[in-house]
Amino acid sequence: MIIRTLRRVLLGALLLAAPAGALLPAAPASAETLRWAYQSDALSLDPHANNETMTLRFLSNVYDPLVTRSRDHSIEPALAVSWTTEAPDRWRFVLRQGVTFQGGESFDADDVVFSLARAASPSSNVQSHTSGILRVEKVDSHTVDIVTKGPRATLLNELANILILDEGWSRANNAVEVANNNQGRTGFTTLNANGSGAYRVQSRAPDQRTVLLRNTGWWGKNEGNVDTVVFTPVRSDPTRMAALISGELDLVHPVPTQDIARLRAVPGVQVLEVPEIRTLYFGVNHSGETLLNGQPNPLRDLRVREAIYRAIDIEAVRRTVMRGAARPTGLLVGPGVEGYSQAEDRRLPYDPDGARRLLREAGYPEGFALQLRCPNDRYVNDEAICVAVSAMLARVGIRATLLSQTKSVYFQRLLAERPDMYLQGWTPNSFDALEAFFYNLATRQDDNPTVAIGEGQGTFNAGRYRNPDVDALLKRIGQSIDRDERRKLINEVHTIFRRDIAYVPLHQQVIVWAARRGVTATPLADDTVNLRWITVTK
């Protein structure tokens, strides 16, 4: 029944993707076809619409940035072949010649100027990666200068996450403005793509099936042998695992922690693991006068936030929910991220009696009720984490009503509303702590537009945490080029984060993929699925 269900999903998607009257060919079965499934879909084909890791990683196979990351995460050339610092605030990039977009258009400096301006625009959701850029200047057809707002040590890390479009194609298709689904916008780039990357989109049926084909005109070296990629979002964990075991899929992720041991024993299946740089945490409403139920907001009281923290048995979550595939943390970033501090990485102890005492001191001897929001298809065991934590909160008197949603709805509402308490995760795509701080700790621009750190600051700060000292530190961190000074400033943010209980940190999860024997693929710490590194043999 499970396998028949997946076949119906695949067939339905193929019917939607095929033109009217077309004959439906059988799915390619050669060694160069990769049948890949994830628990959810890329949110859009617009490369500037979502700063969501899965979407960015998916689209990085179709579009190229100026610089990219190697297998060891170091920065290497992509559409830019070299760069120099002409002044502390001016970087010069020499662009690759002979590059064409998948539609046949030539790549040049105008495309870079256009794309960086688009990524920095109000309709973009990747603004943090352009926040340090003052302007982009065309020097000649294959040279650009990027002028920053003072020195910018993290510029290359940020540019690795800004994908480049063709300006002419974008203007011809009325796609100058970002089709930002988080703002309720749709447009040509929601369903259409024209990158310069190693793969091109052949067909797209959102939430059902996307087919990618090798771009034979790509400028780089495709180290794998995959010619066709059939990507299918399969939300059901049992369906996804059963399809792999039966041979209908070649690569699946994430693997539920409860299935890891079972899959290891299945002939013809391999399990691939690596610690992820993503940190999961709970956010709370710091500034609203009332909760969603109309009651006065107790979460503004530090004692209440500490009570929530102490009520969570993180070892029980790690042991029973995550089956050991998690690393408990006390910070917003973990190992592998520039600025992580082992000395600062200390959690408050699990202490339900202390939590009840804190609630009494704060004036809530009988506890209170709130809404807990959670995605159910974004992080490993996300809904199960929320169910477990709801029970833990109930033991100290906090009655949490769980609202679980698919990620496309969850994040759109999270950014537009002010939830009581919510689960979120963050992967610093720049591999630098500043990114996590910028998005989650900085004062939101719509709360205080006079706090000028950068466009898009505080975008995912749904609980409206505000601390002027943090804002001032983030501005200094962004401009500091001295590594020791930066780490000292970052440690000051860690200290404030822990003191204020800006968020309730949980853990870094472990990335677990499963693949057929004969598939060579290596998961990286940022959950990259780089198709040009994958080989398939039968």
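In what follows, every heavy atom counts, from backbone to side chain, and hydrogens, waters and symmetry copies are set aside.
- Salt bridge annotation for Arg92-Glu137: absent, with no cationic side-chain nitrogen under 4.0 angstrom from a carboxylate oxygen.
- Between Ala179 and Ala49, the shortest heavy-atom distance links the atoms O-CB, 3.4 Å.
- Arg240 has its side chain out of reach of Tyr38: every pair of non-hydrogen atoms, C-beta onward, lies at least 4.5 Å apart.
- Here the closest heavy-atom approach between residue Phe282 and residue Cys386 is recorded as CE2-SG, 4.1 Å.
- Note: Phe188 and Trp169 meet the aromatic proximity criterion, with ring centroids under 6.0 Å apart.
- Here the rule is side-chain hydrogen bond (donor to acceptor under 3.5 Å, both in side chains) with Asn50, and of Asn125, Asn181, Asn180, Thr55 only Asn181 fits it.
- Inspection of the Gln508 and Glu276 side chains reveals no N or O donor paired with an N or O acceptor under 3.5 Å.
- Between Gln457 and Thr459, the side chains place no donor N or O within less than 3.5 Å of an acceptor N or O (distance only, hydrogens not considered).
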*Could you walk me through whether Asn429 and Arg69 pass the side-chain hydrogen bond (donor to acceptor under 3.5 Å, both in side chains) test, one step at a time?*
CA-CA 10 Å; Asn429 293 307; Arg69 292 191 180 275; over 6 Å; no
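- Defined by atom type and a distance below 3.5 Å, a donor-acceptor pair is present between the side-chain atoms of Thr443 and Asp471.
- Side chain of Ser44 to main chain of Asp46: a donor-acceptor pair is present (N/O by atom type, distance under 3.5 Å, no hydrogens or angles).
- Side-chain N or O atoms of Asn381 include none that pairs as donor or acceptor with a backbone N or O of Ala384 at under 3.5 Å.
- Between the side chains of Asp140 and Thr143, at least one donor N or O lies within less than 3.5 Å of an accepting N or O.
- Ion pairing between a basic and an acidic side chain is recognised when a charged N comes within 4.0 Å of a carboxylate O; Asp377 and Lys407 show no such pairing.
- When atom types are taken as modelled, the side chain of Asp527 and the backbone of Pro523 share no donor-acceptor pair closer than 3.5 angstrom.
- For the pair Leu191 and Pro206, the tightest heavy-atom approach, listed with the atom from each and the gap, is CD2-CG, 3.3 Å.
- The pair Glu32-Arg214 does not meet the salt-bridge criterion, since no charged nitrogen lies less than 4.0 angstrom from a carboxylate oxygen.
- The only option from Val144, Val81, Thr84 that meets the side-chain contact (heavy atoms from CB on, under 4.5 Å) definition with Val94 turns out to be Val81.
- Between Tyr199 and the options Asn215, Asn61, Asn222, a side-chain hydrogen bond (donor to acceptor under 3.5 Å, both in side chains) holds for only Asn222.
- Classification of Arg71 and Glu223 as a salt-bridged pair holds, one side-chain N sitting under 4.0 Å from a carboxylate O.
- Thr537 places none of its side-chain heavy atoms less than 4.5 Å from the side chain of Thr520.
- Aromatic ring centres of Phe231 and Phe58: separated by under 6.0 Å.
- The backbone N or O of Gly187 sits less than 3.5 Å from a side-chain atom of Thr190, completing a donor-acceptor pair.
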_Let's go through Asp41 and Arg204 carefully: what are the C-alpha distance in whole Å and the side-chain angles of both, what is the deciding distance for salt bridge (Lys or Arg N to Asp or Glu O under 4.0 Å) to 0.1 Å, and is it a yes or a no?_
CA-CA 11 Å; Asp41 201 1; Arg204 167 78 170 164; 3.1 Å; yes
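- Below 30°, between 30° and 60°, or above 60°: for Phe107 and His142 the angle between ring planes is above 60°, a perpendicular geometry.
- Salt-bridge check for Lys138 with Asp111: failed, with every basic side-chain N at 4.0 Å or more from each acidic carboxylate O.
- Closest heavy-atom contact between Ala119 and Ile162: CB-CG2, 3.8 Å.
- The two atoms that bring Gly334 and Thr279 nearest to each other are N-OG1, 3.9 Å, heavy atoms only.
- Ion pairing between a basic and an acidic side chain is recognised when a charged N comes within 4.0 Å of a carboxylate O; Arg57 and Asp526 show such pairing.
- Between the side chain of Asn285 and the backbone N or O of Gly288, at least one donor-acceptor pair lies under 3.5 Å.
- Within the 3.5 Å criterion, the main-chain N or O of Ile511 finds no donor-acceptor partner in the side chain of Glu273.
- Between Glu158 and Arg152 there is a salt bridge, since at least one side-chain N of the basic residue sits less than 4.0 Å from a carboxylate O of the acidic one.
- When all heavy atoms of Lys149 and Ser131 are compared, the closest pair comes out as NZ-O, 3.1 Å.
- With respect to Phe460, the ring-ring contact (aromatic ring centres under 6.0 Å, His included) criterion is satisfied by exactly one of Tyr465, Tyr281, Tyr422, Trp426: Trp426.
- Using modelled atom types, one finds no donor on one side chain facing an acceptor on the other under 3.5 Å when comparing Asn376 with Asp382.
- The main-chain N or O of Asp166 is found under 3.5 Å from a side-chain atom of Ser170 such that the two form a donor-acceptor pair.
- Using a 4.5 Å cut-off on side-chain heavy atoms (C-beta onward), Ile133 and Arg135 make no contact.
- Checking side-chain atoms of Ser115 against main-chain N and O of Leu165 turns up a donor-acceptor pair under 3.5 Å.
- Side-chain atoms of Val112 and Leu66, non-hydrogen and from C-beta on, do get closer than 4.5 Å to each other.
- Remark: the backbone N or O of Asn194 is paired with a side-chain donor or acceptor of Tyr63 at under 3.5 angstrom.
- Put simply, the side chain of Asp72 gets close to the backbone of Ser74: a donor and an acceptor are under 3.5 Å apart.
- In this structure, a donor-acceptor pair under 3.5 Å is present between the side chains of Arg373 and Gln371.
- In this model, a donor atom of one side chain and an acceptor atom of the other lie less than 3.5 Å apart for His129 and Asn51.
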*asked:* Applying salt bridge (Lys or Arg N to Asp or Glu O under 4.0 Å) to Glu177 and Arg118, what does each step give before you reach the verdict?
replied: CA-CA 7 Å; Glu177 186 172 299; Arg118 189 178 189 268; over 6 Å; no
